[in-house]
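Comments concern the structure below.
In each ligand, atom 1 is the first atom listed, and ligand 1 is the first ligand listed. The first residue of the sequence shown is numbered 1, and numbering continues consecutively from there.
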Amino acid sequence: MKEQLANIRAQALAAFDGAKDSAALDALRVQYLGKKGELTAVLKQMGKLSAEERPAMGQLANEVRAALEEALEAAGKKLEAAALEAKLKLEAVDVTIPGDSVAIGHKHPMYSALDEIKDIFVGMGFTVLDGPEVELAYYNFDRLNAEEGHPSRDWSDTFYFDADSRVMLRSQTSPMQVHAMETMELPIRIIAPGRVYRKDEVDATHSPMFHQVEGMVIDKNVTMSDLKGTLNAVVEQLFGKGTVTRFRPHHFPFTEPSCEMDVQCHKCGGKGCPTCKGEGWIEVLGAGMIHPKVLEMSGIDPEVYSGWAFGMGLERLAMRQFKITDLRLIFENDTRFLEQF
Ligand code: DAH
């Protein structure tokens, strides 16, 4: 028995010392000191000993138990310390490692162009409106005098949500004219920038989503010369004093008369070059006097009030301002491109 006790002691101490973690150590505690453990098994045999042998053996057994318990506690502490050390090592911060640089962005060139346009119009007393991109065909077409069957309502050009062609992604910012007429007091001076959508294939000059800026003035005695004077003043602020414009007759269902405004090419001064595709002029917007029917549909008496409106493509303007030759660059958001502005 003495030998058994000595064996248990030696084995247990070695095992405790080699335990990899506290779970393993606990298993060893059960194995040696538990109720069904090896030491207990030996103690159970005490009854078989003679009365003389028993006290000495009892004392030895108690010594072994005490030694095991002590070793167990020491091993536990050692494991705890090691775990703490490992954790600290893992969490250590090396303050000498250079930090990751955080990329700070800046305004997209198209929005810089828009901000400039907004500033110019706000300076002239215009209010900037925001409106829905999901629009009723009623506002996008009917209320703008483009009735059923008008070519611009075609399915091949327009993103409709329903088979009845009633709900759509707006194809122009012009419905904002109607929203303004419905909600604002006269006189009205607004611009309404925003996204518009058309079923166009992507290429250097087309995108199924692009931006327009709508503008509208309604007051008494508003004339075509107010339209021309205002737009000429805006263009001079955008492109510089003395910028030459021309107004060409055109057709839009919601204006009468209608026109398009061109700006003389800044590159060649009107002689014709690759920038203006040999034309000498660059088209920047559509405009006109608001059709009396459009005013009437919104409850405004065309005998008392008149107004003008325009709609311009924002990308085209930004491309001109920043000398960008491919529309796709504006939307791809490649930072190598955007960083240049
Ligand atoms: N909505 C027209 C378009 O997308 C542009 C336009 C033309 C707007 C004349 C107007 C306007 O307000 O008066 O082509």
* Structure fact -> For G311, the ligand 1 atoms with a heavy-atom partner under 4.0 Å come out as 6 (C), 8 (C), 10 (C), 12 (O)

* Any V304 side-chain heavy atom under 4.5 Å of K220 side chain -> yes

* Asked: Is there a heavy atom in M312 that sits closer than 4.0 Å to ligand 1?
  -> no

* Any nitrogen or oxygen of S174, main chain or side chain, under 3.5 Å from a nitrogen or oxygen of ligand 1? -> yes

* Relative to the heavy atoms of T255, which atoms of ligand 1 are at a distance of less than 4.0 Å? -> 13 (O)

* To do: Would you please classify the geometry between the H211 ring and the F331 ring as parallel, tilted or perpendicular, with 30° and 60° separating the classes?
  => parallel

* List every atom of ligand 1 that sits less than 4.0 Å from any heavy atom of E214, numbering the atoms from 1 in the order shown and giving each element. => 8 (C), 10 (C), 12 (O)

* Flag G286 as yes when one of its N or O atoms lies below 3.5 Å from any N or O atom of ligand 1, and as no otherwise. => no

* Inspect the surroundings of CG in D100 and state if more than 12 heavy atoms from other residues, nucleotides or ligands are less than 6.0 Å away. => no

* Are side-chain N/O atoms of Y138 and R143 paired as donor and acceptor at under 3.5 Å? -> yes

* Asked: Relative to each other, are the rings of F252 and F254 parallel, tilted or perpendicular (30° and 60° limits)?
  -> parallel

* Is it the case that Q177 and E214 place a side-chain donor and acceptor less than 3.5 Å from each other? -> yes

* Have a look at ligand 1 and work out which part of F254, if any, has a heavy atom under 4.0 Å from it: side chain, backbone, both or neither. => side chain

* Structure fact -> Under 4.0 Å from one or more heavy atoms of Q172, ligand 1 contributes atoms 1 (N), 2 (C), 4 (O)

* Residue Q212 vicinity, atoms of ligand 1 by number, heavy atom under 4.0 Å -> 3 (C), 4 (O)

* Pairwise side-chain contact, M224 with C259, heavy-atom cut-off 4.5 Å (strictly under) -> yes

* Tell me whether the centres of the aromatic rings in F310 and F126 are closer together than 6.0 Å. => no

* To do: Please indicate whether any nitrogen or oxygen in A309 is less than 3.5 Å from any nitrogen or oxygen in ligand 1.
  => yes

* To do: Just jot down the ligand 1 atoms closer than 4.0 angstrom to any heavy atom of G288, in number order.
  => 13 (O)

* Closest to atom 14 (O) of ligand 1 among R170, E260, M216, R198 (heavy-atom distance) -> R198

